[in-house]
Amino acid sequence: MKALQIVESAYRGTIEEQDDTIIWLSHAMKGAGADLTVALRGNAVNYAVKGQSAAGLAFGEWQQTQAPDIEHDLTSLMGKGVKIYVMEADLASRGISRDKVVDGVDLLSFDDFVDLIEESDRIWHW
Amino acid sequence: MADKPTLTFAFMDPPYETGRTATFFRMLDISARRGYHIKVFAYEGAVALPFSLQKAHANSVHGRDAAEENHPLPKDWVASLMAEAEKNGGSLNWVNCGLCVDERGVNAAIDGVSRGSPSDFWKLAAASENSLVIPTR
């Protein structure tokens, strides 16, 4: 079974969970043998931007020592064999150029997106 | 048992905060009434849905005591749907994401709810005719 993980809702609990929960879920399922592809769309295309940092969160004396590192989470997921795409049109509409995108993440046109959906047995839109 | 479809749902929302919760339960209800075999993977806030320590309360704004108010408790919906599915020859297998339970402290769950991991979601979905994820937005 091939599953396409479409991630659209972005920065949903990422501070509290120290990651994106669906990218984390993909890591965990890949570890269990899942055949996954990830497509970032909508505001989640911003996950593919290099060099982001969410470090420095502090409330009173409490300090967050392990901030989310989405770039690393994407890179390591690709290292496990999961292909990650980012919607080209959603990048463009947010003014994000190709050179800002994490290495290894491929741009996806709407035509290619349709092909990807046709190739997948399960479409999970988060 | 094999003649009725098996459906897997992944759900993320906690009790009460969004309209998606009631919609999700309505889909479970239809499936249970049809005797389908229903698999639920409760992820993130949804693990509080079958939390057994939920308590109904009175509502002074409504002018009703606790008994009259009959405040909806999602744990009762889960239990009722488990019974409904079984009555119709189906089943409702509810799996709570264990780490999500731990970080929220909602370890107490009603009978019939099991603790699992994302690999369970993958396995349940792979063994189902179809699957639907309903994320928090």
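Every chain is numbered from 1 and lettered A, B, ... according to where its sequence line falls, protein lines coming before strand lines.
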*asked:* Please verify the inter-ring angle class for B/Trp77 with B/Phe25; under 30° counts as parallel, over 60° as perpendicular, anything in between as tilted.
replied: perpendicular
Quiz item: Can a salt bridge be assigned to the pair B/Arg20 and B/Asp13 using a cut-off of 4.0 Å between side-chain N and carboxylate O?
Solution: yes
*Given B/Ile38 and B/Leu28, is the side chain to side chain contact (heavy atoms under 4.5 Å, CB included) satisfied, shown in steps?*
CA-CA 7 Å; B/Ile38 308 159; B/Leu28 295 188; 3.6 Å; yes
message = For B/Arg34, is the CZ atom crowded, meaning more than 12 foreign heavy atoms sit under 6.0 Å from it?
response = no
Per-residue tally against chain B (heavy atom, under 4.5 Å) across A/His27, A/Glu17, A/Glu8 peaks at A/Glu17
Under 4.5 Å to a heavy atom of chain B? For A/Ala3 that would be both
Residues 20-125 of chain B vs disulfide (SG to SG under 2.5 Å), sequence neighbours excluded, gives B/Cys97-B/Cys100
So, the part of A/Ile123 with a heavy atom under 4.5 Å from chain B: the answer is neither
Taking the side chain as everything from C-beta on, heavy atoms only, tell me whether B/Val95 gets closer than 4.5 Å to B/Val40. no
When the 4.5 angstrom heavy-atom criterion is applied to A/Glu16 and chain B, the contacting part is neither
Bottom line for B/Ala125: the part with an atom under 4.5 Å from chain A's heavy atoms is both
Quick one: are the ring centres of B/Phe121 and A/Trp124 less than 6.0 Å apart? yes
Residues A/Gln5 and A/Trp126: side-chain donor-acceptor under 3.5 angstrom
yes
Residues of residues 43-65 of chain A with a heavy atom under 4.5 Å from any heavy atom of chain B, in residue-number order, are none
